[in-house]
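What you see is a predicted model; the values in this text were computed from it and never measured. In listed order, ligands and their atoms are each counted from 1. Just so it is clear, the values below take in all heavy atoms, side chains as well, and ignore hydrogens, waters and symmetry mates. For reference, positions follow the sequence shown, starting with 1.
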Amino acid sequence: MKYPIPRPKTLEFTGEAIPATFAFASVDPLFAPAIRVFQTYAERLFGAVESAGAILLKQEEGLGDGYRLSIGETVEMVVSTAVGANYALATLLQLAEKTADGVVFPQVAITDAPDSNWRGVMIDLARCYHEVEYLYAVADLCWLYKVNRLQLHLTDDQAVRFPLVSLPKAVSEEHYTREQLTALVDYCRDRGVVLVPEIDAPGHFRAFNAAYPELFGTTTEDKGAETTAQTGIVSGIMRAQEQTFAIMQEVFREVAEVFVDSPWIHIGGDEAQIDQWNGCEASMQYCAANGLSDIHELYGHCVARFSRMILDLGRTPVVWEGFDEKTNAMIPKETVVFSWESYYQIAPSLLKGGFRIINSSWQPLYIVNPVRMWDPETILDWEKNRWEHWWEKSQACEKPIVTDRDPAILGGQICVWGDLMQPTNAYAPRHDMLRDEFGHLARRLPALAEKTWTSYGSPDKEAFMRDTDRLTAVAEKLFHT
Ligand code: ACM
C-alpha cells in the first residue's frame, strides 16, 4: 500500500480504487487559492484528467488546521481553515496514481491534524545566492509534505540579500528585489507556507560592517575565534550604540513591510564574537550608559532590544540560541528560541527560562552541503525533545540531551547551511552545488515532516523510505519552473 507522508493520524482503506477527479463542486472563496494550487500540481503530474465527478470541500468549525478526507462514492473533505484545505489536498494528490485505467484514487477514510505548530526548513541565502526559482521549488516541497515554515537566512558575514532601502551600500550585488520577495510571499501564502525572514545580528555582521564601518564597525579587530573552529569562517559584530539600534529598527521595519503577513521575524543572535566589543569605545560607553556590567549582558541586551522592536511591529521575534543563561530575564518571553548547538545554553535551561523553543539540533537536522548531514532514517529516530551534536564542545556531544515532552517545544526545523558553498570555498560550480543541496533536502524533509506532524514515535522505516522514494519522484514533477 502507498501511504502519504506525513502519515495521517488515522487512515483506513475502504475499497477498490476509483477514477480520480480534480474538479470541485463549489468553491468558497477562502479555499480558492488552495484549489488553484492543487489543480496546477495535478495537471503537472497527470495532464488533463476527464472528471468523473466533483470533490466536495466543506467547512466546519473546530478542526484547527486538521482535515477529514473520505473517498468512496464521492470525494469529500472537511476543513476549518485554508491551511487545512492545503493539507487535505496535499494528501489527496499524494494518493492519486496513474494506472493503465487512467488516474485513480484509493477509497479511504482519513482524519488528520498536525501535532506541532512549527515544521520548518531554513535555507542559507547569504553564503550562496539562490535564484528565486529555487525558493519556489522549496515552497513546492513544503506544500507536498505539509511543512509550514520556510526561514530565509537573508544576511550573514558574506552578504546581504534583502534590498534594504535604509542601508543600500550593504546590499550585495546578487540580491532579491522587493517585487521578487513580494511574489514569493504570495506564492507561499497560497500554499499554507509561512516565510520567516532573518536578519542576523549582532554577530555575523561583516557585510554591514564593511559597507558602513563608521556606523557598525568596532574599533577592535574581528578575530573570528568560535566560528573558525568549525567552519573556517570569520565573523564580525555590530557596534552597540544608540544610532545603530535606531537604524536596526528601520531595517526590521523594512523587512516586516515586505514580509507583510509573516507572524515571525528572526533576529539572528547566533555565534556573536562578543569579545570584539571589549575595547570598542562606543560599545563600552553604551554599556556604561545602560548599566550593563559586561559583554554577556550587552549580548542579552541586544537580543532583548531587537525582540522588542519586532514586538512593536506586531510580530513575534525568533532568535538562535546564543545569549547567556544569566541574561534570560532580560529577554521578552514572547521570544521563540532555536535550540541548535547546545553550547551557549541548552534546551532545559531555555525552557526553565520561560521561552518557547524550536528544536533544530545540529545532529541530525543540519545539512551542510557537501560534507555533513545525516540519513533520513536517522532523522526518523530524532524526537523534538532530543538534542545531539558531534562537536566536542557541545553539551549534547557525549550523550543526547532529552527534555520532558514540554508543549513549549513548538516543533523542529531542518537548517540547510551554505558555509562551504561560498564562492571562495566552493570546489564545484554553484549550480551543481545547489542541485546537490536541493537533493539532500528533498530526501530529508519527509522525515522531518513526519516527526513534527506526529510527535514522538516512529513509522516503519522501510515502508517510510519506500514512500519517500515514490514521493521524491512526484516532487520532481511538481516543481515550479
Ligand atoms: C547557526 O548554525 N549558526 C545557527
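- In this structure, Phe338 does not count as a contact residue of ligand 1, since none of its heavy atoms falls inside 4.0 Å of the ligand.
- Geometrically, Arg127 does not engage Trp417 in a cation-pi contact defined by less than 6.0 Å to the ring centre and at most 45° from the axis.
- Checking only distances, Tyr366 does come within under 3.5 Å of ligand 1, N or O to N or O.
- The cationic atom of Lys451 (NZ for Lys, CZ for Arg) does not lie both less than 6.0 Å from the six-membered ring centre of Trp382 and within 45° of the ring axis.
- The closest approach between any non-hydrogen atom of Trp362 and ligand 1 is not below 4.0 Å.
- The aromatic rings of Trp320 and Phe338 sit tilted relative to each other, their planes meeting at an angle between 30° and 60°.
- When side chains are defined from C-beta on, Pro163 does not count as touching Thr177, because their heavy atoms never get closer than 4.5 Å.
- From the protein, the heavy atom lying nearest to atom 3 (N) of ligand 1 is Asp270 OD2, 2.6 Å.
- The aromatic rings of Tyr67 and Trp453 sit tilted, their planes meeting at an angle between 30° and 60°.
- Near Glu271, meaning under 4.0 Å from any of its heavy atoms, are these atoms of ligand 1: 3 (N).
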